[in-house]
Amino acid sequence: MLILGLESSCDETGVALVAFDPGSPGLPQLRAQALHTQIDMHKAYGGVVPELASRDHIRRVVPLVRQVMEKGGRALADLDVVAYTAGPGLAGALLVGAGAAQALALALGKPVLPVHHLEGHLLSPFLSADPPAFPFVALLVSGGHTQLMQVQGVGQYALLGETIDDAAGEAFDKCAKLIGLDYPGGAALSRLAQQGRPDAYAFPRPLLHSGDLDFSFAGLKTSVATQVQRLLQAVQDGGAPGLSEAQRADVAASTQAAIVEVLVRKSLSALKRTGLRRLVVAGGVGANRELRAQLDAACARMQARVHYPELALCTDNGTMIAMAAAMRLQAGIQQPAAAGAFEVMPRWPFAVAAPA
Ligand code: KG4
Ligand code: ZN
């Protein structure tokens with residue numbers, strides 16, 4: 001079966017072609033993909049501007065579909081299903097991908113399959129060179145979500161804990177902004193952190209000892225803001241215009257240390273609590289090198305395996321959407337639907353059930 005996947009929930013337009021053999025248990029394979037990121041466009045505004053995002057998705061989606069079909073060496077008529085991100089995300093942005101997928105499917109006489117964006121992230125490690133096996137604990141860390149989940153199989157996701165305020169990626173981005181880094185600052189902050197001292201400032205580790213698996217990152221941002229303000233006051237009193245590179249690097253390293261420590265400790269608690277020995281990390285923050293290094297070391301100590309998506313598949317992309325659709329079809333848990341009337345779900349809970 002040949003699945004086309006469209007992603008447009010936020011500031012990336014992603015399209016991909018994934019194939020699987022319904023008669024074989026092998027994992028679906030990526031045939032071709034293309035991605036356009038709007039990051040440069042939103043940078044000037046310090047964050048995603050929803051209206052601009054929607055308009056840019058409109059400009060990009062059809063050329064990207066053409067590009068992917070050409071790269072994959074297949075015709076549109078060869079498609080079996082058109083999958084798309086139905087939520088959660090920006091309503092206008094989601095409507096573009098959903099509308100394009102529905103129109104294409106309707107014109108081709110093919111069915112559609114709406115996909116949950118977070119399920120895309122969650123299943124993206126199955127396309128890596130070292131794919132996981134079920135069951136596992138998943139740490140989903142993106143710009144909009146921070147969740148720990150117990151995953152028994154495709155479509156079987158139980159929520160273990162989640163953030164009660166900001167997401168980890170949001171914390172990275174907000175703190176990055178405080179030290180003058182462009183949106184989205186997560187990757188830039190982590191690069192700057194390499195030159196800094198992680199113990200320069202003792203930023204809070206919220207909910208570290210809460211006894212549950214929830215997260216909270218809003219207080220960290222406040223604490224970093226206060227520290228930056230204090231440093232700024234001191235350097236300005238001394239006649240300097242702003243923080244030195246070394247000071248910014250220290251703030252970056254200390255911020256990263258606080259976020260990473262909480263994510264690592266809670267992930268280990270989730271493994272202990274569930275008795276599972278396999279951790280899967282997904283979402284944009286999963287690209288963070290310090291997080292990967294600390295998780296690798298901690299999991300090795302408790303003889304647990306840890307899996308990550310390929311770096312390029314950590315942030316939003318069409319591949320994970322086509323992959324999630326393919327895995328749901330292959331597992332027989334979702335049938336494609338006839339194209340036609342549709343809706344998107346800007347707020348779409350992912351897994352709310354407590355584990356059995
Ligand atoms: O999964 P994603 O592309 O978008 C959402 O679905 O939200 O994640 C984007 C988030 C942003 O907050 C970005 O700053 C963060 O992932 N991110 C990173 C790194 N690369 C991306 N955060 C920390 N370190 C990184 N290397
Ligand atoms: Zn995402």
Side-chain angles (χ1 to χ4, degrees), residues 5-14 16 35-39 42-43 46-48 50 53 84-90 93-94 97 115-125 138-147 162-163 166-179 181-194 196 198 215 217 220-221 224 252-264 280-295 308-321 323-324 346-348 350:
L6 267 58
E7 155 64 29
S8 72
S9 67
C10 188
D11 55 353
E12 263 99 24
T13 323
L35 183 75
H36 174 78
T37 177
Q38 307 174 352
I39 283 178
H42 296 295
K43 241 178 206 166
V48 176
Y84 62 92
T85 306
L90 301 169
L94 288 165
V115 173
H116 195 293
H117 180 82
L118 290 184
E119 186 170 30
H121 277 302
L122 186 74
L123 298 176
S124 61
L139 172 68
L140 252 175
V141 271
S142 70
H145 295 84
T146 300
Q147 298 189 331
E162 65 182 334
T163 183
D166 291 354
E170 203 175 347
F172 267 109
D173 295 344
K174 285 178 174 171
C175 294
K177 200 171 183 175
L178 291 169
I179 47 173
L181 298 169
D182 278 342
Y183 174 85
L189 184 143
S190 114
R191 274 193 301 276
L192 184 59
Q194 287 171 0
F215 302 88
F217 291 108
L220 172 66
K221 173 201 61 194
V224 172
S254 302
T255 302
Q256 176 172 266
I259 298 173
V260 167
E261 183 178 348
V262 178
L263 293 176
V264 171
V280 165
V281 183
V285 180
N288 187 275
R289 284 176 199 284
E290 186 61 26
L291 176 66
R292 287 187 176 213
Q294 289 201 26
L295 279 177
Y308 308 95
E310 302 294 331
L311 273 181
L313 293 186
C314 281
T315 45
D316 293 349
N317 61 83
T319 305
M320 68 186 197
I321 301 305
M323 183 67 176
R347 291 173 186 280
W348 184 5
F350 184 35

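Atoms within a ligand are numbered from 1 in the order they appear, just like the ligands themselves. All figures in this text were calculated on a predicted structure; none of them were measured in a lab.
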Q. Yes or no on side-chain contact (heavy atoms from CB on, under 4.5 Å) for V48 and Y183, after CA distance, side-chain angles and deciding distance?
A. CA-CA 9 Å; V48 176; Y183 174 85; 3.3 Å; yes

Q: Number the atoms of ligand 1 from 1 as they appear, then name those within less than 4.0 Å of a heavy atom of T315, with their elements.
A: 3 (O)

Q. Under 4.0 Å from any heavy atom of H117, which atoms of ligand 1 are there?
A. 6 (O)

Q) Got the closest protein heavy atom to atom 2 (P) of ligand 1, with its distance? A) D316 OD1, 3.5 Å

Q.
Give the atom numbers and elements of ligand 1 that come within less than 4.0 Å of a heavy atom of D173.
A. 11 (C), 12 (O), 13 (C), 14 (O)

**Q.** Metal-centred angle, the Zn ion (ligand 2) as apex - NE2 of H121, OD1 of D316, 10° resolution
**A.** 90°

Q) Can you check whether H116 reaches P88 side chain to side chain, under 4.5 Å on heavy atoms? A) yes

Q: Please test E12 against I39 for side-chain contact (heavy atoms from CB on, under 4.5 Å), starting from the C-alpha separation and ending with a verdict.
A: CA-CA 8 Å; E12 263 99 24; I39 283 178; 4.0 Å; yes

(Q) Using a 4.0 Å cut-off to any heavy atom of G143, which atoms of ligand 1 qualify? (A) 4 (O), 5 (C), 7 (O), 8 (O), 9 (C), 10 (C), 12 (O)

Q) Looking at side-chain heavy atoms only, is the closest gap between R191 and L181 below 4.5 Å? A) no

Q. Do ligand 1 and F172 have nitrogen or oxygen atoms that lie under 3.5 Å from each other?
A. no

Q: Using a strict cut-off of 4.0 Å, indicate which atoms of ligand 1 neighbour a heavy atom of G144.
A: 7 (O)

(Q) Are any of the N/O atoms on N288, whether in the backbone or the side chain, positioned under 3.5 angstrom from an N/O atom of ligand 1? (A) yes

Q. Looking at side-chain heavy atoms only, is the closest gap between S254 and P198 below 4.5 Å?
A. no

Q. For atom 20 (N) of ligand 1, which candidate among G284, C314, G185 provides the closest heavy atom?
A. G284

Q | Proximity flag C10 to ligand 1, non-hydrogen atoms under 4.0 Å | A | no

(Q) Any non-hydrogen side-chain atom of D316 less than 4.5 Å from a side-chain atom of H121? (A) yes

Q) When you measure from atom 22 (N) of ligand 1 to every protein heavy atom, which one gives the shortest distance, and what is it? A) G186 CA, 3.6 Å

Q) At a 4.0 Å threshold, what atoms of ligand 1 neighbour a non-hydrogen atom of H121? A) 1 (O), 6 (O)

Q | H117 near the Zn ion (ligand 2): N/O/S under 2.8 Å | A | yes

Q) Is atom CZ of R289 surrounded by more than 12 heavy atoms (other residues, nucleotides or ligands) closer than 6.0 Å? A) no

Q: Classify the angle between the aromatic ring planes of F217 and F215 as parallel (below 30°), tilted (30 to 60°) or perpendicular (above 60°).
A: parallel

(Q) Measuring from atom CG of L189 to atom CD of Q256, what distance do you get when rounded to the nearest 0.5 angstrom? (A) 6.5 Å

Q) Any side-chain heavy atom of H117 sitting closer than 4.5 Å to one from M320? A) yes

Q: Could you tell me which atoms of ligand 1, counted from 1 in the order shown, lie closer than 4.0 angstrom to a heavy atom of G169?
A: 12 (O)

Q.
When you compare ligand 1 with E170, is there at least one nitrogen or oxygen pair between them that comes in under 3.5 angstrom?
A. no

